[in-house]
Amino acid sequence: MSRPRICVVRAPGTNCDIETAFAFESCGGEAERVHVFRLLENPATLSDYQVLCVPGGFSYGDDLGAGVIFSRQLRGRLGGALADFLQRDRLVLGICNGFQVLLKAGLLPGGAESWPPQFDGRPEATLTWNDNGRYTDRWVRLRVAAGKNVFLRGIDALDLPIAHAEGRLVARDDSTVPAWRERGQVALEYDPHNPNGSVANIAGLGDPSGRILGLMPHPERFLFATQHPQWTRLRLEGDGAGRRLFQNAVEYFR
């Protein structure tokens, strides 16, 4: 069977695209790093791929806020191509800055159900500055809260590193998170320690279909056991836990 094609779309300031493409490739996918300007020139090329991934970094320097400019490009000239993409059996992944992009573009939390988004001035959620007011780089423990999400199948818990300044998820009102839970959209939770103050300890959010995932931690930075800071003490060997997310995406199309 042919290898699924993955579009790892990058923008000025993206800096995690190489390792993210490698993660998909190491799991049997055919990953291509595509500059967003190429997609803007010909949005129809998005239909050539089965997975769209927005990797981490600091797109456009986060000059207007994390992921803001990149998200406007997805909503604008790429909006129609994304609508077609979402109507097919396709997957979307956003990691760290990519999660910020997906959320601010409106791809999350509603996915295809609410695309293109109609913003009324009060978005359902946003990602803003960490409670500590600074960039935070550390490893965290995560619990999978939505097993129906394609990327998280077969995973109960895992360790991953975080590296962000604007990773605190804020919901519009008190009814938002219960609605997400009812629809199986709360994908990952920090457990036991919440490093940024996100509402309900949420580290990752999915769409109702389970085919879109945005998360602040970096699975592409834990592909091998030896990347864990305690790999010798924990006697870890072989693959790192983050690799499973990319493997699940590739296997979905097999």
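Hydrophobic clustering, with ILVMFWY side chains joined whenever heavy atoms are under 4.5 angstrom apart, keeps I18 apart from V51.
For the pair E25 (side chain) and E30 (backbone), a donor-acceptor distance under 3.5 Å is absent. One N or O on the side chain of D207 and one on the backbone of G210 form a donor-acceptor pair closer than 3.5 Å. Between the side chain of Q185 and the main chain of R181, no donor-acceptor pair closer than 3.5 Å is present. A donor-acceptor pair under 3.5 Å is formed between the side chain of S198 and the backbone N or O of G167. No donor-acceptor pair closer than 3.5 Å links the side chain of E251 to the backbone N or O of N248. No donor-acceptor distance shorter than 3.5 angstrom exists from the side chain of R134 to the backbone of W129, with no hydrogens or angles considered. Between the side chain of R211 and the backbone N or O of R90, at least one donor-acceptor pair lies under 3.5 Å. Between the side chain of R3 and the backbone N or O of G29, at least one donor-acceptor pair lies under 3.5 Å.
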- Message: Applying salt bridge (Lys or Arg N to Asp or Glu O under 4.0 Å) to E32 and R38, what does each step give before you reach the verdict?
- Response: CA-CA 12 Å; E32 182 179 359; R38 282 181 55 194; 3.4 Å; yes

- Decide side-chain hydrogen bond (donor to acceptor under 3.5 Å, both in side chains) for T176 and D173; before the verdict, give the C-alpha distance in whole Å, the side-chain angles of both, and the deciding distance to 0.1 Å. CA-CA 6 Å; T176 301; D173 52 45; 3.1 Å; yes

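Side-chain atoms of D84 and Q87 include no donor-acceptor pair closer than 3.5 Å. T14 and D17 are not linked by any side-chain donor-acceptor pair at a separation below 3.5 angstrom, with hydrogens and angles left out of the test. Residues R153 and N149 bring no donor and acceptor atom of their side chains to less than 3.5 Å of each other. Checked by atom type, the side-chain pair H228/Q230 shows no donor-acceptor distance below 3.5 Å. For the residue pair N132 / N196, no side-chain donor-acceptor distance below 3.5 Å is found, with atom types taken as modelled.
Looking only at side-chain heavy atoms (C-beta outward), V177 and V199 come within less than 4.5 Å of each other. With a 4.5 Å cut-off on side-chain heavy atoms, T20 and C53 count as touching. With a 4.5 Å cut-off on side-chain heavy atoms, V34 and L39 count as touching. Side-chain atoms of I6 and Y49, non-hydrogen and from C-beta on, never get closer than 4.5 Å to each other. A heavy-atom distance below 4.5 Å is not found between the side chains of L142 and D159.
Ring-plane geometry between F24 and F246 is classed as perpendicular, the angle between the planes exceeding 60 degrees on a 0 to 90 degree scale with a lower cut at 30. Using a 30° and 60° split on the angle between ring planes, F22 and F224 fall in the tilted class, from 30° to 60°.
Contact check on E41 versus R77 returns no salt bridge, with no Lys/Arg side-chain nitrogen under 4.0 Å from an Asp/Glu carboxylate oxygen. Ion pairing between a basic and an acidic side chain is recognised when a charged N comes within 4.0 Å of a carboxylate O; R168 and D131 show such pairing. We find that E189 and R141 are not joined by a salt bridge, their nearest charged nitrogen and carboxylate oxygen being 4.0 Å or further apart.
Within a 6.0 Å sphere centred on CG of D174, other residues, nucleotides and ligands contribute 12 heavy atoms or fewer. For R233, the CZ atom counts as loosely surrounded, since its 6.0 Å shell holds 12 or fewer non-hydrogen atoms of other residues, nucleotides or ligands. Remark: D89 CG is packed, more than 12 non-hydrogen atoms of other residues, nucleotides or ligands lying under 6.0 Å away.
For residues 163-200, the set of pairs meeting the ring-ring contact (aromatic ring centres under 6.0 Å, His included) definition, not counting sequence neighbours, is empty.
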Below 3.5 Å, can you tabulate the donor-acceptor pairs from side chains in residues 63-76 to any protein atom, sequence neighbours excluded?
unit_1, atom_1, unit_2, atom_2, d
S71, OG, G67, O, 3.3
S71, OG, V68, O, 2.6
Q73, OE1, Y60, OH, 3.0
Q73, NE2, Y60, OH, 2.8
R75, NH1, K104, O, 3.1

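The residue from L127, T126, V186 that alone fulfils the side-chain contact (heavy atoms from CB on, under 4.5 Å) condition with L169 is L127.
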